Protein chains: 2
Amino acid sequence: MSSVPGWANVDERRNLPPALAVSTVILGIRRDPEGGPGKLCLPLVRRIRQPHAGLWALPGGPVGSRESLGQAAGRTLAETTGLHPKYLEQLYTFGDISRSPTHRLVTIAYFALVNIDEVGTRVPDENVAWFGVDDPQIAEMAFDHRKIVDYALWRLANKTEYGQIAHRLLGERFTLAQLRLVYEAILGKELDPANFRRQLKNTASIEATDEYLAGGKHRPPRLYRYLGHGPDPMEVDTSK
Amino acid sequence: MSSVPGWANVDERRNLPPALAVSTVILGIRRDPEGGPGKLCLPLVRRIRQPHAGLWALPGGPVGSRESLGQAAGRTLAETTGLHPKYLEQLYTFGDISRSPTHRLVTIAYFALVNIDEVGTRVPDENVAWFGVDDPQIAEMAFDHRKIVDYALWRLANKTEYGQIAHRLLGERFTLAQLRLVYEAILGKELDPANFRRQLKNTASIEATDEYLAGGKHRPPRLYRYLGHGPDPMEVDTSK
DNA sequence: GTTCGTTAGAGTCATTCTGACATTAACTGG
DNA sequence: CCAGTTAATGTCAGAATGACTCTAACGAAC
């Protein structure tokens, strides 16, 4: 059996620490030109080396010894995809013994949201590509990454306060229709515009601005912005 | 210089990979003899070695090379406290550089619930003890364990489906009054017994049995039991 | 300009959910 | 049998919800 170089004699009977890596599920919403519900999609990188060469995998890499886990996630993400998401949250740590065929690998998975304007933008090279989450091409992925993606989608759908994360998928200012499309993409169903508006007014987590979105063909919608108020205390600070 | 295959040139200045450990926050409810709201409490172990010798810490230990992360959490928990919780869920992975003064330490924190009958029971030795979560003795803890405990409490309070976890704090069968006390301990406020009953009937996650709790001084309450239905897909299976 | 189609945004109403409280049922101990 | 206590059900006003209608503001067509 082959031991992993760099990890002196990884004999499974000796208690050597496993390799530690981060991987990130970065979700964005691809707008539907016909104004439909919009699709959740994410960027993936094609594996060059074994194991699982040729399969698509989540962007990520090893954790450096002088960076925190969140920093490692942000760094590897930028290196492989060029993206700098505004939202980064730890998702789950995967450490089953057989998740990599060659060595013991523990992966801290992160969950990121990318602004809707950055979705599907040019990618560094042909080994990076955006996929819809239900694209049959990624029904199978490298390692257990398909399981990681499915869990990220489950977590997103089960978030109690979508308000905290919805504005990370939009820009600083947004219209209520745009915000409703985000909710619809996450929940997978259509919402009544009037009732949606009323509910947001009651929660008061949103504030109307004096500006309006110009350039449309019809009545210009008012722009709103979020009032931040403390969500998950373990959310990663990406503002540094 | 050797590199891990598939991990091009990972030279972190020859630093060893981080030590990998698990720690578990085990919460239970201590009944109030006067029938009050009940307190959340947890077992801690006193550290013998440096660093932080003498301070109280979460039960845990290093991850073995032939066990999954969840297995490591269950094993170290049993070894140090003798407890075998029915619920074990991964909480968060802590990996800041300076969380241990002596070496780089990455800890996967788990979150467990223990049956109410096991709370405060005899402990293996004097280096294990139960504390209320707001006991001033544990305002300070070893490493960043106080932060981990606070995060576990935050997660518990923000759980959407308490039903999924409440019956882990009780036995197989329970009365509605007992269940209500669990909710009150988690939420930190009193609930109206009548309205509480009504809401549970609507969600239909609970089923009435034909049995009644005997031995009380007053009218015997009916016993109920949970109907399991899929919660967090990453919950650890502790049934094996 | 006027009209029309489209979207933004406010209002209506019946239904359901919620919190607070009253009422009845079942048991024990004196 | 009665008093005291807890279990369980019932009632009712106010709030939230879902489905729907109505008005306002714009560009485009005429």
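Note that this is a predicted model, so its numbers are computed, not measured. Every chain is numbered from 1 and lettered A, B, ... according to where its sequence line falls, protein lines coming before strand lines.
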**OP:** Would you indicate, yes or no, if C/dG9 has its OP1 or OP2 atom less than 4.0 angstrom from a side-chain nitrogen or oxygen of A/Lys201?
**Re:** no
Subject >> Phosphate-side-chain proximity, B/Gln199 and C/dC17, N/O vs OP1/OP2 below 4.0 Å >> reply: no
Distance, rounded to the nearest Å, where [X] contributes [atom1] and [N] contributes [atom2]:
X	N	atom1	atom2	answer
A/Phe196	C/dA8	CZ	C1'	14 Å
B/Tyr212	D/dA7	OH	C1'	10 Å
A/Asp192	C/dA8	CG	P	13 Å
B/Leu200	C/dT18	CG	P	11 Å
B/Asn195	D/dG14	CG	C1'	13 Å
A/Leu179	C/dA8	CG	P	13 Å
A/Asn202	C/dC17	CG	C1'	15 Å
B/Glu190	C/dG19	CD	C1'	14 Å

Original post:
Contact class for A/Arg222 vs. all strands (heavy atom < 4.0 Å): base, sugar-phosphate, or nothing?
Top reply: sugar-phosphate
Subject >> Partner residues of A/Pro220 under the side-chain contact (heavy atoms from CB on, under 4.5 Å) criterion, sequence neighbours left out >> reply: A/Tyr212
Original post:
Relative to the ring of A/Tyr87, is the ring of A/Phe111 parallel (under 30°), tilted (30 to 60°) or perpendicular (over 60°)?
Top reply: perpendicular
Subject >> Electrostatic pair A/Glu211-A/Arg173, nearest N-O below 4.0 angstrom >> reply: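 Yes, A/Glu211 and A/Arg173 are salt-bridged.
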Subject >> Pairing of B/Arg180 and B/Glu190 as salt bridge, 4.0 angstrom limit >> reply: no
Looking only at side-chain atoms of [X], point me to the closest of [options].
X	options	value
B/Ala177	D/dA7, D/dC20, C/dG9	D/dA7
B/Arg219	C/dC13, C/dG9, D/dT6	D/dT6
A/Arg198	D/dT5, D/dT9, C/dT12	C/dT12
B/Pro220	D/dG4, C/dT18, C/dA26	C/dA26

**OP:** Could you pick out which residue, A/His218 or A/Ala194, lies toward the 5' side of DNA chain C when each is mapped onto its nearest nucleotide?
**Re:** A/His218
Original post:
When you match A/Thr175 and A/Lys217 each to their closest nucleotide on DNA chain C, which lands nearer the 5' end?
Top reply: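 Result: A/Lys217.
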**OP:** Using salt bridge (Lys or Arg N to Asp or Glu O under 4.0 Å) as the criterion, list what pairs up with B/Arg47, not counting sequence neighbours.
**Re:** none
